[in-house]
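Step one of this worksheet: look at the structure below.
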Amino acid sequence: ISLIQLDSMILSHQMLVRCAAIIGLTFTTELLFEILPCWDRKMMINALATLMKSNIFDGFRNGKEFRMALKHNATSFEVHYRSLSLKPNESLAHRKEEELRELEGEVIECSIIRFCSPVMQKTAYELWLKNEKKAMHLKCALFLEVNAHRCSHCRSGDFIPYHHFTGDIRLNTLDLDMIKKMAKVQGFQTEEEIIFSKAEIPKRSELFSENLSPEEIKENILNFFDAVITKMKTSEENIFPLESCQCEEILEIVILPLAQNFLVLEENSKALYYFLEIVSAYLILGDNYMAYRYLNEGEKLLKTLEKEKSWSLRFESATFYSLKGQVCFNMGQMTLAKKMLRKALKRLNRIFPNNIISLVFHIHVEKNRRFHYINQQAQGNSPPGKKRLAQLCQQTACFSLLWQIYSLDHFFHYKSFGLLAAMMQVNTALETQDNFQIIKSYLDYSLYHHLAGCQVVWFKYEVMAMEHIFNLPLKGEGIEIVAHVAGTLGHIKFIMGHLDLVIELGSRAHKMWALLRNPNQHYVVLCNLSKAFFLKNRYKKLIQVLEWLWELSIAEEHIYSKAFFYFVCLDIMLYSGFVYRTFEECLEFIQQNEDNRILKFQSGILLGLYSCLAI
């Protein structure tokens, strides 16, 4: 049927459908225009309008509209053409012209186009000769790789830190401007910027003087967060983004098609690079199912490349096991996660011990390394090279997960393995000289020692993390680090049971992430806030936080936020003596979403919903 439809089209429309088929099921109008031979934009718009009218394509104005349509299995707009047959014949041609002009106006607004039928895309694709296919795929890859990075909201970096420095994966040759842009994205500064940033950094803050009591330090920290929020709201500088994160849209319409193009071109090392980027992106977006799915694609490619012995392939192999460990950790498969993380560290030239004698030796070595890196920081040594930074960031990710896994086990020697992993994370972060890595490692080390019951150490490292953010320039990544610290401190205080402090920190983190328009971080803060208000029996505030959570889940189509919302609604029914959302509504949500891939591949949330339902 699809072949008959193609044969019945005029040649120009048939060519457009065939070119679109090369790109894939979904494509942008910019890429289609790039690969259409000798077309102008008016011709393309007119042809797309006609093909939409024939139900060959659907059009979407933006990525959000496209994602919502996919989730609800609907198109962005429908035109009911059958009703035209009821009109008088003499006006039919005129009406068709009018409708086509209207549709052309709608097509101009569309940035994303999708085939209505996957069979049509496959049929049109098979009409190309093998050599023609390769030439077209190369053309697509050259166009796509320019935008194959995170969105401007996330400073256009790699999904895997410093990933593009680890190998030659670009088809386009790099000019000097592109190199400068890529370096700036990853935090490298020009000589002038270094002088400027050094001039901004004050000496050790008096706000953390040893003479201050813990209560006074707490007030100073909260006042600092308030000052940051005030600056964000009132500053004339562009210190926070005007639009929310677009990474999911870039993932679907740029990076996924690019990886598939490289597969067809048999550029397996480049395809592997982008499949690992895809996995990391889905983990950032909280979709463990899709991350797991594309890990399988990466594993197939690794097996085809295993004969190569290059440094970049060894790094890709380590990254693969690190990402697989993270997916296993998120799904609650701790034994498998530990195995994958150890494999990753081995490929990153960091052996993690597996016996007591080796453990004692490594702890002694790491204590000495700590003093070395602290002295190195004081002397202001230059940061490590780009490839080394990529390695170190992967190592810190592995150590962060390892100490959390070992902390779950109550055997004494496992606690020592957890201590070593936490120490190695801090030392590796200090070696990177990266602000975010260092602050995150301090907070992780503080949390580890809280779980181990060592108050002196956890308080010291919380203060060290705060001292570090006092010295950051409050713009770009600096603002995000401050928001991350506020949210993480709130989470740590929740585990410790300091609910009033959770509310103080969480309220400030909520304001910052709302201004930064980052839903994947914002919902975590709102979940912690709602739990704190619930346990404090402050129901008016709880309802207000739940309303924010509901608005976020609707605006961003964020299923995990909505699931947590209904989980709290059931808890309110069970333990608070009133009904916020009816039992029938909660039950309907669970029945409709119990097969949702994000919820099924996220350890915990469905268990919470089912247990509340059962009680």
Side-chain angles (χ1 to χ4, degrees), residues 71 282-293 295 323-341 400-410 447 451 487-488 490-492 494-497 499 502 506 519-535 542 545-546 549-550 552-553 556-576 579-615:
K71 284 170 186 171
Y282 275 120
L283 283 171
I284 291 165
L285 295 168
D287 193 337
N288 290 305
Y289 169 75
M290 292 301 282
Y292 176 76
R293 180 179 160 187
L295 270 174
L323 293 169
K324 192 168 183 179
Q326 195 173 336
V327 171
C328 294
F329 179 86
N330 291 345
M331 292 168 62
Q333 302 291 327
M334 298 306 174
T335 304
L336 187 57
K338 194 194 302 180
K339 184 181 175 183
M340 293 299 112
L341 294 167
S400 177
L401 294 175
L402 269 178
W403 75 254
Q404 292 177 67
I405 294 168
Y406 281 114
S407 294
L408 296 171
D409 207 304
H410 295 293
L447 178 57
L451 295 172
T488 306
H491 173 68
I492 292 171
F494 181 81
I495 293 170
M496 295 167 72
L499 297 179
V502 174
N520 294 306
Q521 296 291 335
H522 193 187
Y523 92 88
V524 176
V525 170
L526 290 177
C527 290
N528 279 332
L529 256 183
S530 64
K531 287 186 280 189
F533 281 125
F534 176 77
L535 292 170
L542 171 61
V545 173
L546 287 177
L549 195 60
W550 179 258
L552 179 72
S553 70
E556 301 293 338
E557 284 286 306
H558 201 276
I559 188 66
Y560 192 90
S561 299
K562 197 175 281 189
F564 193 86
F565 171 87
Y566 281 112
F567 171 66
V568 177
C569 290
L570 287 167
D571 261 359
I572 288 170
M573 257 184 274
L574 285 169
Y575 307 113
S576 302
V579 176
Y580 178 55
R581 292 292 174 96
T582 63
F583 178 79
E584 288 74 21
E585 184 182 339
C586 298
L587 178 62
E588 185 185 2
F589 170 80
I590 294 167
Q591 289 172 337
Q592 286 177 352
N593 293 282
E594 59 188 347
D595 289 325
N596 182 281
R597 67 172 195 243
I598 293 175
L599 300 184
K600 284 183 82 170
F601 275 71
Q602 185 75 40
S603 175
I605 187 65
L606 279 177
L607 177 62
L609 288 166
Y610 284 137
S611 61
C612 285
L613 208 58
I615 296 166

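Here, residue 1 is the first one in the sequence, and each next residue gets the next number. Keep in mind that this is a model prediction, so the values were computed, not measured.
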How long is the gap from [atom1] on [X] to [atom2] on [Y], to the nearest 0.5 Å?
X      : Y      : atom1 : atom2 : result
Leu341 : Leu401 : CG    : CG    : 5.5 Å
Phe567 : Ile572 : CZ    : CD1   : 11.0 Å
Glu557 : Lys562 : CD    : NZ    : 6.0 Å
Lys531 : Leu529 : NZ    : CG    : 10.5 Å
Ile598 : Tyr282 : CD1   : OH    : 9.5 Å
Met334 : Gln404 : CE    : CD    : 8.0 Å

So, do [X] and [Y] sit near enough that their side-chain heavy atoms are less than 4.5 Å apart?
X      : Y      : result
Leu609 : Asn593 : no
Phe329 : Met340 : no
Cys586 : Met573 : yes
Leu549 : Val568 : no
Ser561 : Phe564 : no
Phe565 : His558 : no

Using the side chain to side chain donor-acceptor pair (under 3.5 Å) rule, collect all pairs that involve residues 579-590, keeping only residues at least two apart or in two chains. Tyr566-Glu585, Arg581-Glu585, Glu588-Gln592

Considering only residues two or more places apart or on different chains, which pairs with a residue in residues 324-339 satisfy side chain to side chain donor-acceptor pair (under 3.5 Å)? Asn288-Asn330

Which residues pass the ring-ring contact (aromatic ring centres under 6.0 Å, His included) test with [X], not counting sequence neighbours?
X      : result
Phe534 : none
Phe533 : none
Phe601 : Tyr289

When you look at Leu570 and Ile590, which way does the side chain to side chain contact (heavy atoms under 4.5 Å, CB included) test go after all the steps? CA-CA 11 Å; Leu570 287 167; Ile590 294 167; 4.1 Å; yes

Sorted by chain and number, sequence neighbours left out, side chain to side chain donor-acceptor pair (under 3.5 Å) with Arg597 holds for Asp287

When you look at Asn596 and Leu606, which way does the side chain to side chain contact (heavy atoms under 4.5 Å, CB included) test go after all the steps? CA-CA 10 Å; Asn596 182 281; Leu606 279 177; over 6 Å; no

What's the shortest heavy-atom distance between [X] and [Y], and which atoms?
X      : Y      : answer
Ile405 : Ala337 : CD1-CB, 3.9 Å
Val502 : Asn528 : CG1-O, 4.2 Å
Leu546 : Ser530 : CD2-CB, 4.5 Å

Check whether more than 12 heavy atoms from other residues, nucleotides or ligands sit under 6.0 Å from atom OH of Tyr292, and answer yes or no. no

Would you check, one step at a time, whether the test side chain to side chain contact (heavy atoms under 4.5 Å, CB included) holds for Cys612 with Asp571? CA-CA 7 Å; Cys612 285; Asp571 261 359; 3.5 Å; yes

